[in-house]
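Okay, structure first, notes after.
A, B, ... follow the sequence lines: proteins, then strands. Residue 1 opens every chain. Heavy atoms only: backbone and side chains are in, while hydrogens, waters and symmetry mates are out.
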Number of protein chains: 2
Amino acid sequence: MEPNIAYLGALVGDAARSKMLTALMSGKALTATELSLEANITPQTASSHLMKLVDGELIIVRKQGRHKYFQLKNLQVAELIEQMLNISASMAQTSIATGPTDERLKRSRICYDHLAGELGVQLFDALQSNGWIVEAQDMLTLTQLGLSFFSELGFDTAATKKTRRPLCKACLDWSERRSHLAGYLGKWVLTDALARQWAHQDLDSRAIEFTPHGLKAFKSKYGF
Amino acid sequence: MEPNIAYLGALVGDAARSKMLTALMSGKALTATELSLEANITPQTASSHLMKLVDGELIIVRKQGRHKYFQLKNLQVAELIEQMLNISASMAQTSIATGPTDERLKRSRICYDHLAGELGVQLFDALQSNGWIVEAQDMLTLTQLGLSFFSELGFDTAATKKTRRPLCKACLDWSERRSHLAGYLGKWVLTDALARQWAHQDLDSRAIEFTPHGLKAFKSKYGF
DNA sequence: TCGATGCTTCGGTGGCAATCGAACTATGAA
DNA sequence: TTCATAGTTCGATTGCCACCGAAGCATCGA
């Protein structure tokens with residue numbers, strides 16, 4: 001029988017649940033209370049929503065002490081949310097007052113496990129103009145030049161063979177309407193920047209905050 | 001502000017509307033009455049649903065005489081539906097009696113504009129084992145060998161430069177859980193087979209019916 | 001053992017949205 | 001002009017589901 005899309009749609013199609021899912025796009029595992037705050041609902045209500053999301057296999061739980069940590073089930077789910085974000089962003093926009101938080105999100109944010117926003121797009125452009133990646137017919141490939149560039153930086157090229165995940169991949173950006181770098185390489189770039197303490201992830205949102213020095217180092221490293 | 005996923009989800013998250021959208025995955029434009037039959041609802045109800053889908057920019061209308069023809073708005077929407085079909089197919093399955101129609105769907109069906117189902121997967125495998133396409137890190141590329149093979153068949157390689165659409169692309173199959181050929185090339189293969197009258201699309205479903213002779217020709221053409 | 005915190009279960013309420021019957025408008029055919 | 005078909009608008013009904021208050025269970029720290 002044909003799969004039941006309606007069930008999946010209804011799962012996402014509730015304001016509270018969609019806020020939770022979007023919050024989980026940060027890649028972090030969040031507790032039930034945190035998610036209830038995110039969605040502006042009481043813990044009771046949140047609990048029932050979370051149960052539904054788990055039943056629907058969109059998220060998973062890890063119980064740790066008296067906390068329950070929730071996260072998106074897998075990359076496939078994250079990609080679904082991402083695509084829905086893109087489509088709804090391109091729909092006729094009732095753009096209400098954008099607060100300061102939104103400004104930060106627009107500048108640089110995490111998109112499940114890689115960098116998005118203005119900075120993500122700038123990075124993408126720089127990689128391209130330096131000839132490290134090539135976009136042909138919407139498919140992204142790492143050039144030989146790019147391969148040696150990234151292995152010098154400490155990127156483990158051997159590890160990419162083990163994963164079935166695409167090495168690099170263009171990911172449409174809902175705020176910029178431009179491509180940014182996703183895939184295994186995109187994940188590595190973000191992880192690396194965080195590890196070097198050039199930036200840190202906001203505790204309560206998907207925003208990525210670069211230090212002045214970190215931003216400079218980041219830009220010079222990738223040549224822009 | 002962040003895009004509103006919930007609205008989009010709710011749009012898909014109704015049984016009647018999701019049936020309509022799935023029906024429109026055939027790529028054909030359908031009338032309001034046809035869609036109401038597809039969803040098992042009265043024309044009045046269908047009318048209100050269709051209005052919502054148009055408002056939500058998931059589908060578009062063309063008025064022709066006293067008919068209204070509906071179709072998916074663009075490729076992005078079709079990809080969303082496809083992705084949702086995949087995810088819901090991989091969810092814990094309440095697999096109820098699969099009728100004969102479903103058997104046909106499983107064998108070979110249209111996935112917006114390219115071939116899916118068992119036959120689509122077989123084609124994909126054949127193209128791969130003949131060395132015409134290569135799947136590396138989940139990215140699909142047409143080899144030089146494949147390029148000359150397809151241009152001999154009459155595939156206009158120049159035209160691919162004009163479109164931003166990926167030339168070939170792996171598309172996960174919800175019934176087979178395997179890749180099949182999507183993208184520009186995938187579309188061409190299907191169009192070509194239909195033009196040669198090797199197969200025809202069922203009038204009332206997404207099934208693709210190959211003639212015995214057509215199937216033979218199709219298989220020998222692509223070497224499987 | 002006791003209180004505090006995190007989460008869940010239960011029951012009742014309220015609101016929204018899908019549905020259809022009936023009546024209406026538009027297009028086409030005879 | 002008249003009938004048939006395609007689609008819409010309106011109003012009333014219905015059922016589902018998100019929501020919260022209250023009470024309950026589980027884990028942790030003292």
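Spacing between atom CD1 of A:Ile41 and atom C1' of D:dC20 amounts to 11 Å, rounded to whole angstrom units. C:dT8 atom C1' lies 11 Å from atom CG of A:Leu50, rounded to whole Å. In this structure, CG of A:Leu37 is placed 14 Å from C1' of C:dT5, rounded to the nearest angstrom. Distance, A:Arg62 CZ to C:dG6 C1': 17 Å, rounded to whole Å. Atom CE in A:Met51 sits about 13 Å away from atom C1' in D:dA18, given to the nearest Å.
When the ring-ring contact (aromatic ring centres under 6.0 Å, His included) test is applied to B:Phe155, the partners found at least two apart in sequence or on another chain are B:Trp188. Evaluation of the side-chain hydrogen bond (donor to acceptor under 3.5 Å, both in side chains) rule for B:Glu82 yields no partner, not counting sequence neighbours. Among residues two or more places apart in sequence or in another chain, the salt bridge (Lys or Arg N to Asp or Glu O under 4.0 Å) test is passed with A:Asp113 by A:Arg165. With sequence neighbours left out, the side-chain hydrogen bond (donor to acceptor under 3.5 Å, both in side chains) criterion links A:Thr191 to no other residue. Residues that satisfy the ring-ring contact (aromatic ring centres under 6.0 Å, His included) test with A:Tyr222, not counting sequence neighbours, are A:Phe218. Contacts of B:Thr211 classified as side-chain hydrogen bond (donor to acceptor under 3.5 Å, both in side chains), with partners at least two apart in sequence or in another chain: none. Remark: A:Arg109 pairs with A:Asp173 by the salt bridge (Lys or Arg N to Asp or Glu O under 4.0 Å) rule, at least two apart or across chains.
The shortest distance between the side-chain N/O atoms of B:Thr45 and the OP1/OP2 oxygens of C:dA18 is not below 4.0 Å. Side-chain nitrogen and oxygen atoms of A:Thr42 include none within less than 4.0 Å of the OP1 or OP2 phosphate oxygen of D:dC19.
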For residues 192-200 of chain B, please give each side-chain donor-acceptor pair under 3.5 Å, one per line with the distance, not counting sequence neighbours.
unit_1   : atom_1 : unit_2   : atom_2 : d
B:Asp192 : OD1    : B:Arg196 : NE     : 3.2
B:Asp192 : OD2    : B:Arg196 : NE     : 3.0
B:Asp192 : OD2    : B:Lys221 : NZ     : 2.5

Determine all donor-acceptor pairs shorter than 3.5 Å in which one atom belongs to a side chain in residues 59-70 of chain B; sequence neighbours excluded.
none

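Less than 4.0 Å separates DNA chain C from no heavy atom of any residue of residues 6-15 of chain A.
Of the candidates D:dA18, C:dT8, C:dA18, the closest approach to any side-chain atom of B:His49 belongs to C:dA18. Residue B:Arg17 has its side chain nearest to C:dA18 when only C:dA18, C:dT8, D:dC20 are considered. In the set C:dT8, D:dA18, C:dT19, C:dT8 carries the atom at the smallest distance from any side-chain atom of A:Lys68. Nearest to the side chain of B:Ser47, among C:dT8, D:dC19, D:dT9, sits D:dT9.
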Polar atoms only, N or O, under 3.5 Å: list the protein pairs with nucleotides 22-30 of chain C and their distances.
unit_1 : atom_1 : unit_2  : atom_2 : d
C:dT27 : O2     : B:Arg66 : NH1    : 3.4

Shorter than 3.5 Å, N or O on both sides, protein versus nucleotides 11-16 of chain D: list them out with atom names.
none

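Electrostatic pairing of B:Glu57 and B:Lys73 counts as a salt bridge here, judged by a charged N lying under 4.0 Å from a carboxylate O.
Between A:Ser48 and A:His67, it is A:His67 whose nearest contact on DNA chain C lies nearer the 5' terminus.
Judged purely by distance below 3.5 Å, without hydrogens or angles, the side chains of B:Gln44 and B:Ser47 never pair a donor atom with an acceptor atom.
Contact annotation for A:Thr31: backbone-only contact, meaning every heavy-atom pair under 4.0 Å involves sugar-phosphate atoms and none involves a base.
The backbone N or O of A:Gln76 sits nowhere less than 3.5 Å from a side-chain atom of A:Glu79 that would complete a donor-acceptor pair.
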